Amino acid sequence: QKGGFKHFMLKEIMEQPQVIQDGIAGRIDDATQEVVLDEIADLPIPGRLHIIACGTSFHAGLWAKYLIEEWARIPVQVEVASEFRYRQQVFQEGDLALAISQSGETADTLAGMRIARENNLPIVGLCNVVGSSVARESDGTMYTQAGPEISVASTKAMCSQMVALLLLAIAWGRKKGTLSAEAAQQLTGQLQRLPHTLSTELERMRHAAQRLATQFSKARSFFFLGRGLGSPLALEGALKLKEISYIHAEGYAAGEMKHGPIALIDSEFPTFALAPQDSLLPKVGSNLQEVQARGGKIIALTHPGTDIPSDERWEVPQMGSALDSFLFLPALQLFAYEMAVYLGKDVDQPRNLAKSVTVE
Ligand code: F6R
């Protein structure tokens, strides 16, 4: 059942190259390289998008906001469903709701969808479980096609949501003409090469995570920092670590550190930094200098050739722009996994958690 792996979580992390392959299958036209999303072809392109989700799915939504706003120039509001449902919403003509849920049964997400329905918003559901409530209550359903996710901590589901959301951002960008055919083709080409690169890297990444886990397992707290697309990934890295290893972890947009959190930094409070080779790298670098100046140890997840402060460099190959996230995500997942294994925790069944949160 676990395919030779010790835990479902590890199996599911290692399945991600296949998950990406399955997520793009049939969604990129062989001849034209254009993205084709038949499931939502009848729905309008939104004037504004409301993304509703919880937990890891919420982080996927935060990540997608950057892409949809940049490529499709559609304003995106991302909100945890438990807040969305109880807030006095201001909807307007042209709004569309996008519900993201692996299980398709999360109570708050479903309640948020019902509010969108009462206000006559078209609803797109992005979910993994076929025939789930989210699928049934949507006007158009995009399935993530990740296969069953057994481990309570969500891993491959987020990867599959990111694939679908990236395709959605490209599709809307092309339809609106805000994304050029060349730029779209470059992205889909990179996406098609991604499963191969990831499958050759995952084992190496696991070893790096194992080594870091032996070094950092005594930490009582951790920061995860990133900017741009790295900022929602930092939130996800912190969530994974806390839920399976029970180590206190906070994810922050790196620029927020000096507004308070940096007060916590000392030699006992390490930072896991997401530092891809991109235009924001110098900004992340200066945030890390401030961490180092206060004696904080740094693990920097980065690309070859970057110049940034760190105690431990963890290099992964550079894929380019949004695609880099698909290597950073499993690195964060593997780090949390190896920390929890090293500490002897019940990785697949963490305390106090259920796979599907069907009550409020
Ligand atoms: C974290 C985790 C949860 C879920 C959340 C939403 O590892 O599993 O945070 O992401 O409960 O679940 P879905 O996506 O099923 O709505």
Side-chain angles (χ1 to χ4, degrees), residues 7-13 15-16 19 23 50-64 78-85 97-114 116 123-138 141-165 224 232-247 249-251 329-330 332-337 339-340 345-360:
H7 299 100
F8 281 110
M9 182 175 174
L10 182 59
K11 171 175 179 272
E12 289 160 4
I13 292 171
E15 276 171 4
Q16 288 174 110
V19 163
H50 298 266
I51 298 185
I52 317 164
C54 303
T56 292
S57 297
F58 167 66
H59 296 155
L62 287 175
W63 181 86
V78 194
E79 201 168 6
V80 286
S82 54
E83 288 300 313
F84 179 91
R85 65 183 291 191
L98 170 63
I100 309 177
S101 173
Q102 185 286 128
S103 61
E105 303 298 344
T106 300
D108 282 321
T109 305
L110 286 166
M113 290 172 76
R114 284 167 200 150
I123 302 171
V124 174
L126 179 59
C127 66
N128 194 39
V129 177
V130 176
S132 60
S133 303
V134 165
R136 279 184 279 113
E137 296 193 28
S138 299
T141 305
M142 278 182 78
Y143 283 113
T144 45
Q145 294 165 178
E149 191 179 62
I150 311 292
S151 171
V152 166
S154 186
T155 55
K156 65 173 178 173
M158 180 165 176
C159 169
S160 68
Q161 290 163 349
M162 285 162 46
V163 171
L165 291 162
F224 286 77
L233 294 179
L235 301 185
E236 177 60 10
L239 177 62
K240 284 290 93 86
L241 186 66
K242 70 184 103 171
E243 69 178 326
I244 59 168
S245 74
Y246 317 139
I247 293 172
E250 299 202 31
L329 178 68
L332 293 164
Q333 296 165 342
L334 285 165
F335 178 68
Y337 173 78
M339 290 281 276
K345 306 300 180 204
D346 186 352
V347 176
D348 282 336
Q349 290 291 335
R351 68 187 184 202
N352 307 339
L353 296 175
K355 182 65 187 158
S356 175
V357 184
T358 53
V359 290
E360 207 181 324

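Numbering of ligands and ligand atoms starts at 1, following listing order. Because the structure is predicted, anything quoted here is derived from the model rather than measured.
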| Out of Thr106, Val152, Thr56, Val80, whose heavy atom is nearest to atom 8 (O) of ligand 1? | Val152
| Taking NZ, NE, NH1 and NH2 as the nitrogens, is one of them in Lys355 or Glu149 under 4.0 Å from a carboxylate oxygen of the other? | yes
| Are Arg85 and Asp108 close enough for a salt bridge, meaning some N to O gap below 4.0 Å? | yes
Which of the numbered atoms in ligand 1 are below 4.0 angstrom from a heavy atom of [X]?
X      : answer
Glu243 : 1 (C), 7 (O)
Ala153 : 7 (O)
Ser101 : 13 (P), 14 (O), 15 (O), 16 (O)
Ser57  : 10 (O), 13 (P), 14 (O)

| Counting both backbone and side chain atoms, is some N or O of Gln161 under 3.5 Å from an N or O of ligand 1? | no
| message | Tell me whether Lys240 has any N or O atom under 3.5 angstrom from an N or O of ligand 1. | response | yes
| query | Where do Val347 and Val152 land on the side-chain contact (heavy atoms from CB on, under 4.5 Å) test, with the steps shown first? | reply | CA-CA 8 Å; Val347 176; Val152 166; over 6 Å; no
| Is it the side chain, the backbone, both or neither of Lys355 that has a heavy atom closer than 4.0 Å to ligand 1? | neither
For [atom], grab the closest protein heavy atom and report residue, atom and distance to one decimal in Å.
atom                    : result
atom 11 (O) of ligand 1 : Val357 CG2, 4.0 Å
atom 15 (O) of ligand 1 : Ser103 OG, 2.7 Å
atom 6 (C) of ligand 1  : Cys54 O, 3.4 Å

| query | Between Gln161 and Ser57, is any side-chain donor less than 3.5 angstrom from a side-chain acceptor? | reply | yes
Whether the side chain of [X] engages the backbone of [Y] through a donor-acceptor N/O pair (distance < 3.5 Å, no angle test) should be reported.
X      : Y      : answer
Lys156 : Ala146 : yes
Gln102 : Ala157 : no
Ser245 : Leu241 : yes
Asp346 : Arg351 : no

